[in-house]
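Note sheet for the following structure.
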Amino acid sequence: MTETAPSSDQTRPDEERWLTPGVRGIGSASFLADVGHEIPTALLPSLLTSTLGAPAAALGAIEGVSDALAGAARFGGGVLADDPARRRKVAVGGYATTAVLGAATAAATAVWQVGVLRAAAWTARGLRVPARNALLADIVPAKAYGRAYGFERMMDNLGAIFGPLLALGLVAWVGVQWAIGLSVIPGLLAAAAIVYAIRHAPKAERRETVPLRVRVRPVLQGGLGRLLGAVAAFEIGNVAATLLILRASEQLAPGHGKDAATSIALGLYVTYNVAATAASVPAGHLADKLGPRGPVLVLAAGVAAFALAYGMFAASTTVIAALTVPFVLAGVGIGAVETAQHSAVAALAPTELRGSAFGLLATVQSFGNLAASTVAGVLWSAVSPNAAFAYLTVWMVLALAGLLWTARR
């Protein structure tokens, strides 16, 4: 009698079936939301300076205020996301509100209107981040956190590549203001993707309404506190990618001319995003494969890649190939770091404080990045670019030491 071959479902344990409709929905939301976000972001300088006649200082002020509000909102969003039912509403509302407010800047007739709409959109964007990350942890088994967060990060990075390209096409077709207005379409599709993910997620646990309470000390107890300390050191050295572009363009300008150097530097930035996209899912697979310490070890590897990249940026070179290597290293590093940070927090945070844990992580990321870019910019102007990247390298080495210590514990 011929034996019946086992079905694919029988040969694969439940924990291996991680790419569920819910995970695909959240990944699609990240891709679509980033496409919708990149269009107004790429076109905001043109809208302010060319259309509304504002000075460059207005752009800096609007972006600075918006980033600060987004950072504060991420902390508040973590408090809201502690309740499983509430986090789903915050996720849907955050995606939809960001899309509408971001696209509404197309109708602005004064600089102050752009500032208000941009700040409100970034606040909504900040609120949704902890809710989305906590929701993803709700719908996958713990042994698949790395792969699930790697997939979400990969889709987000794809959006960062596709969004600016779509913006260029829309500007050529309909102009700057219409292009910004049309960004509402991918943004609302992202909200629909979150609704789809929620419908394919396990039902939220029924329990009494969780009171809104700021809980930092319970989150920082044990391994999660040690991890976030090392993450803080990394983020204080994690400079904005725009400074990497500036470094490349300044080094290449004497040999290639200003315009060509700028184009090459932007091409290197695309390489950075491609490397980040390619590294995210493999980093998640490795984190799952290595067991409980896997996310911390992958995070340490990503930080080591950043340390090497910044060390190379600290040296002076005019060779394109020599600049390509640190861009690729930094891209691989950010793909590994973002994936491992999220999967580590999901694994270490108490279930009832998962929202607060992700909110605290997002807050550390936001304000750490602000500190890194500010201090590096001052060192760049007052001393030299070499000194700025040497400073950032020191923080990467400190973060790496903290992560290795955390892994041993």
Side-chain angles (χ1 to χ4, degrees), residues 15-34 74 77-78 81 87 91 95 128-160 190 193-194 197-198 200-202 223-224 227-228 230-231 234-235 238 273 275-303 305 331-349 351 354-362 364-365 403:
E15 61 265 25
E16 294 299 321
R17 296 199 300 271
W18 62 273
L19 193 56
T20 62
V23 174
R24 289 196 293 269
I26 291 178
S28 299
S30 291
F31 170 76
L32 290 164
D34 218 51
R74 289 178 180 185
R87 74 174 59 128
Y95 275 94
R128 83 186 186 210
V129 169
R132 180 204 63 207
N133 290 334
L135 177 61
L136 185 54
D138 289 342
I139 62 179
V140 291
K143 290 185 178 180
Y145 283 157
R147 284 161 286 180
Y149 285 105
F151 177 75
E152 186 274 326
R153 288 291 85 200
M154 179 192 74
M155 296 296 285
D156 187 86
N157 286 320
L158 279 175
I194 283 291
I198 290 171
H200 288 82
L224 187 55
L227 174 73
L228 288 177
V231 166
F234 165 76
E235 297 297 349
N238 182 21
N273 281 322
T277 303
S280 297
V281 172
H285 275 275
L286 183 60
D288 290 338
K289 187 177 180 179
L290 293 176
R293 292 193 301 172
V296 179
L297 293 174
V298 170
L299 180 53
V303 172
V332 170
I334 199 63
V337 164
E338 290 183 341
T339 297
Q341 282 180 342
H342 292 151
S343 56
V345 169
L348 292 172
T351 303
R354 189 172 279 160
S356 289
F358 277 115
L360 191 57
L361 171 65
V364 168
Q365 291 170 333
L403 288 168

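Just the heavy atoms: all of them, side chains too, but no hydrogens, waters or symmetry mates, feed the values below. If you're wondering where the values come from, they're calculated on a predicted model, not measured in any experiment.
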Just so I know, are the side chains of [X] and [Y] near enough to count as touching, which here means a heavy-atom distance under 4.5 Å?
X: L286; Y: L297; result: no
X: N238; Y: I334; result: yes
X: H342; Y: F358; result: yes
X: V298; Y: V337; result: no

Checklist entry - Who passes ring pair (Phe, Tyr, Trp, His ring centres under 6.0 Å) against Y145, sequence neighbours left out? => result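 If we apply the ring pair (Phe, Tyr, Trp, His ring centres under 6.0 Å) test to Y145, skipping adjacent residues, there are no hits.
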Item to check | Residue that, paired with I26, satisfies side-chain contact (heavy atoms from CB on, under 4.5 Å) out of V140, I198, I139 | outcome: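 Running side-chain contact (heavy atoms from CB on, under 4.5 Å) over V140, I198, I139 with I26 returns exactly one hit, I139.
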Which atoms form the tightest heavy-atom contact between [X] and [Y], and what is the distance?
X: A305; Y: G333; answer: CB-CA, 4.0 Å
X: V345; Y: A357; answer: CG1-CB, 3.7 Å
X: G302; Y: A336; answer: CA-CB, 4.1 Å
X: H200; Y: G22; answer: CB-N, 3.9 Å
X: G25; Y: A193; answer: O-CB, 3.5 Å
X: A144; Y: W18; answer: CB-CB, 3.5 Å

Item to check | salt bridge (Lys or Arg N to Asp or Glu O under 4.0 Å) contacts in which one or both residues fall within residues 131-141, not counting sequence neighbours | outcome: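 Listed by first then second residue: R87-D138, R132-E152, D138-R354.
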Listed partners of [X] passing side-chain contact (heavy atoms from CB on, under 4.5 Å), at least two apart:
X: A275; result: V328, V332
X: T277; result: M154, N157, L158, I161
X: A91; result: A131, I194

Out of curiosity, [X] [atom1] to [Y] [atom2], how far, rounded to the nearest 0.5 Å?
X: S343; Y: L348; atom1: OG; atom2: CG; answer: 9.5 Å
X: F31; Y: F151; atom1: CZ; atom2: CZ; answer: 11.0 Å
X: T339; Y: L299; atom1: OG1; atom2: CG; answer: 10.5 Å
X: K289; Y: R147; atom1: NZ; atom2: CZ; answer: 11.0 Å

Item to check | Exam field: side chain Y149 to backbone Q341, donor-acceptor pair closer than 3.5 Å | outcome: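 Checking the backbone N and O of Q341 against the side chain of Y149, no donor-acceptor pair under 3.5 Å is found.
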Checklist entry - Quick one: salt bridge (Lys or Arg N to Asp or Glu O under 4.0 Å) partners of R153, sequence neighbours excluded? => result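 Partners of R153 by the salt bridge (Lys or Arg N to Asp or Glu O under 4.0 Å) criterion, ordered by chain and then number, come out as D156, E338.
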